[in-house]
2 protein chains.
Amino acid sequence: MSINEVAREAGVSIATVSRVINNSGAVRASTREKVEAAINALGYSANRLARNLRTSESRLILVLVPDYSNTFYAGIVQGIDGEARRRGYHMLLCDTGADPDAERTYIELLKNRMVDGAICLDPDSVQSLLGEQPRALPWVACCEFDPDSGIPWVGIDNARAAADAVRFLIGRGRRRIAMIGGDERFMYAHERRRGYLTALAEAGLTPPQGSPLDTFSPDFDDGYRLAARMLSVSPRCDAIFAVADPLAVGAMQAVHDAGLRVPEDVAIVGFDNVPFATMVRPRLTTVAQPMKRLGENAARVLIERLNDPELPVSGTMLEHDIIVRESA
Amino acid sequence: MSINEVAREAGVSIATVSRVINNSGAVRASTREKVEAAINALGYSANRLARNLRTSESRLILVLVPDYSNTFYAGIVQGIDGEARRRGYHMLLCDTGADPDAERTYIELLKNRMVDGAICLDPDSVQSLLGEQPRALPWVACCEFDPDSGIPWVGIDNARAAADAVRFLIGRGRRRIAMIGGDERFMYAHERRRGYLTALAEAGLTPPQGSPLDTFSPDFDDGYRLAARMLSVSPRCDAIFAVADPLAVGAMQAVHDAGLRVPEDVAIVGFDNVPFATMVRPRLTTVAQPMKRLGENAARVLIERLNDPELPVSGTMLEHDIIVRESA
DNA sequence: TTGAAAGCGCTAACAG
DNA sequence: CTGTTAGCGCTTTCAA
């Protein structure tokens with residue numbers, strides 16, 4: 001079932017069929033109708049494998065996620081998927097955490113021409129991609145990025161977002177504000193830590209002893225563990241800023257188990273506004289990133305570069321939002 | 001940068017290079033070394049677009065998910081991704097909920113040969129795919145399936161799982177057991193409802209008035225709303241079985257807000273064992289599906305069919321598990 | 001064990 | 001406006 005059959009059925013050449021399906025070149029209306037009739041009669045659909053080889057593009061973009069089960073990425077991936085599809089692309093998704101030698105695989109996918117470009121949400125992969133021939137591979141960094149790397153990126157101003165969260169707590173009268181999660185390996189954590197310290201300094205405050213506290217992994221258990229440790233130092237902190245919502249929820253539980261109240265005794269602010277932020281009591285106050293728009297912009301930037309590789313490298317900074325609920 | 005350059009560099013024909021990279025045919029060891037040296041020197045990686053056309057396969061599988069932000073699917077998708085990759089395939093992910101005319105798109109992708117086959121996790125898409133030429137398209141249904149459709153499937157015995165959950169509640173002395181969520185359009189909900197009624201009947205019990213209660217969407221808000229309604233009928237139910245964890249968490253909150261305790265006054269059992277089941281207090285007792293293995297099996301079944309289309313259509317039933325925590 | 005050559009199905013340059 | 005034709009880069013006969 002190929003373009004040949006359609007051409008024969010319609011009594012035209014394959015070039016004309018190609019013009020019709022691509023809506024390119026000039027085709028007489030009556031001829032177009034004949035071809036369309038043949039296409040419908042045969043249920044023809046152009047072989048993408050052949051078209052891909054001929055046009056030398058796959059119209060596929062690779063999306064590298066460190067861990068699917070982290071709900072944080074869901075909104076971004078949805079944004080990428082939607083925008084990509086609107087522009088005639090599809091999304092090949094790779095969980096880099098699940099695959100030990102993922103790095104080799106996905107760089108291969110790019111060199112292979114199996115995908116046209118990549119969007120990287122994974123801090124580790126960002127690092128290793130930066131190690132490759134920087135601008136040779138068409139990719140963009142999303143959320144985790146280095147403005148000076150020469151790689152296009154989209155993200156938020158993590159330092160300012162963290163500072164805003166801390167200023168919010170200060171505005172509520174908090175003075176001993178602890179921070180959980182500041183893993184220096186990741187730009188986002190490093191920046192948030194910087195913002196935290198800036199906002200404190202600005203108000204003439206200092207971090208409680210031990211703060212910021214580094215996480216092993218930014219999940220509920222670590223949030224619980226580290227908050228419990230934080231609560232045991234005196235004078236006790238009166239607020240906790242966590243760099244990820246699961247950490248914040250764990251911290252909330254630790255405060256509760258210590259016989260204290262959120263937010264009366266300890267206010268808590270999270271980061272990311274994941275779905276379950278509204279399913280806990282008190283509801284979590286948190287910093288929201290415009291996930292869907294982050295994804296959409298990443299896809300847009302990548303696809304524009306694909307269409308015009310000479311485009312200057314750009315960074316896109318999107319606005320964050322403090323979602324005030326009940327925990328602070 | 002093509003096979004031609006490698007051939008020239010190595011001083012052999014392109015056929016020989018092809019044999020080396022595919023490890024096919026007989027090649028003298030010394031020749032192989034020459035070719036491999038050339039490949040390394042040039043950093044060559046075979047163009048997949050060309051190979052795909054020639055071999056007439058993309059080694060891509062399409063995964064249809066109704067809503068990527070539903071954490072329920074994350075584990076399954078991870079399973080698919082891992083198994084596919086081990087077998088030399090990659091995963092093209094489509095959020096069918098995000099795209100209004102997704103159905104046309106993904107059937108096109110199959111006809112196109114852009115993907116070799118599909119795994120469908122989306123109840124709606126399962127329905128519409130069943131409407132197409134049944135066995136013409138290589139796809140398998142995962143979680144939501146019809147054993148009599150002639151389409152390969154993998155899933156759990158939803159009726160038995162629900163019955164087990166209800167039997168568990170009965171074993172704990174509960175007698176007025178309500179159920180939330182029984183949307184008849186979806187096989188999984190229909191089956192769980194059936195299991196619920198079976199287990200009750202078996203014990204000589206009847207559903208509380210109004211139960212099962214249908215959801216609008218299986219989320220926290222609906223769980224809250226419906227549980228609140230359920231709690232207002234008397235005699236009051238002493239247990240709630242929810243067909244999805246977010247519903248169960250919402251129900252837990254409703255019980256709490258009604259001034260009652262979980263599990264003392266009302267026991268609650270959810271379904272799916274999503275990550276936040278352990279982040280709420282009391283921790284959620286729930287029915288777990290072997291998500292990762294469901295995904296792995298779906299990928300395995302699909303790829304085996306791709307390699308041998310004559311394979312008999314099979315169904316794979318995996319075991320569920322009751323995870324006993326604190327809510328029941 | 002190797003090479004020459006056909007051809008996968010399409011697009012695009014060119015000619016008419 | 002339409003058709004002929006040359007490849008895209010690979011795999012795979014077939015012949016040597």
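Naming: A, B, ... by sequence-line order, numbering from 1 per chain.
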TODO: May I have the step-by-step check of side-chain hydrogen bond (donor to acceptor under 3.5 Å, both in side chains) for B:Ser58 and B:Asp116, ending in yes or no?
DONE: CA-CA 6 Å; B:Ser58 61; B:Asp116 292 341; 3.0 Å; yes
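If you take CZ of A:Arg59 and P of C:dC10, they are 17 Å apart, rounded to a whole angstrom. Remark: C1' of C:dT1 and CG of B:Asn23 are 15 Å apart, rounded to the nearest angstrom. Residue A:Asn112 contributes atom CG, which lies 10 Å from atom P of D:dC10 at whole-angstrom precision. Remark: C1' of C:dA6 and CG of B:Leu53 are 13 Å apart, rounded to the nearest angstrom. Rounded to an integer number of Å, the gap from A:Lys34 NZ to D:dG3 P is 8 Å. Remark: P of D:dT2 and CD of A:Glu33 are 12 Å apart, rounded to the nearest angstrom. Distance A:Met1 CE to C:dC10 C1': 13 Å, rounded to the nearest Å. Across the protein-nucleic acid pair, B:Ile39 atom CD1 and D:dC10 atom P stand 10 Å apart, rounded to whole Å.
Between the side chain of B:Arg19 and the base of C:dG3, a donor-acceptor pair under 3.5 Å is found. One cannot find a donor-acceptor pair under 3.5 Å joining the base of C:dG9 and the side-chain atoms of B:Arg54.
If A:Asn22 and B:Arg32 are placed on DNA chain C by their nearest nucleotide, the residue sitting closer to the 5' end is B:Arg32. Comparing A:Ile14 and B:Ala50 by the nucleotide of DNA chain D whose heavy atom lies nearest to each, the residue mapping closer to the 5' end is A:Ile14.
With sequence neighbours left out, the salt bridge (charged side-chain N to carboxylate O under 4.0 Å, His left out) criterion links B:Arg59 to B:Glu57.
Contact between the side-chain N/O atoms of A:Ser18 and the OP1/OP2 oxygens of C:dC10 is not found at any separation under 4.0 Å. Contact between the side-chain N/O atoms of A:Ser2 and the OP1/OP2 oxygens of C:dG9 is not found at any separation under 4.0 Å. Contact annotation: A:Asn47 side-chain N/O to C:dC8 OP1/OP2 distance is not under 4.0 Å. The side chain of A:Tyr44 contributes an N or O atom lying less than 4.0 Å from OP1 or OP2 of C:dC10. For A:Thr31, no side-chain nitrogen or oxygen approaches OP1 or OP2 of D:dC1 to under 4.0 Å.
If you check the side chains of A:Asn297 and A:Thr316, you find no donor sitting under 3.5 Å from an acceptor. Side chains of B:Asp122 and B:Thr96: a donor on one and an acceptor on the other come within 3.5 Å. With hydrogens and angles left out, the side-chain atoms of B:Gln78 and A:Asp67 include a donor and acceptor closer than 3.5 Å.
Residue contacts for B:Asn52: at a heavy-atom cut-off of 4.0 Å it reaches no nucleic acid atom on any strand shown. At a threshold of 4.0 angstrom between heavy atoms, the contacts of B:Leu49 with the nucleic acid are absent.
Annotation: A:Lys292, atom NZ; neighbour count of heavy atoms from other residues, nucleotides and ligands within 6.0 Å does not exceed 12.
The side chain of B:Thr55 approaches D:dT11 more closely than any other nucleotide in the set D:dG3, D:dT11, C:dG3. For A:Arg28, counting side-chain heavy atoms from C-beta on, the closest listed nucleotide (D:dT2, D:dG9, C:dG3) is D:dT2. Comparing D:dC8, D:dT11, D:dG3 by their nearest atom to the side chain of A:Thr16 picks out D:dG3.
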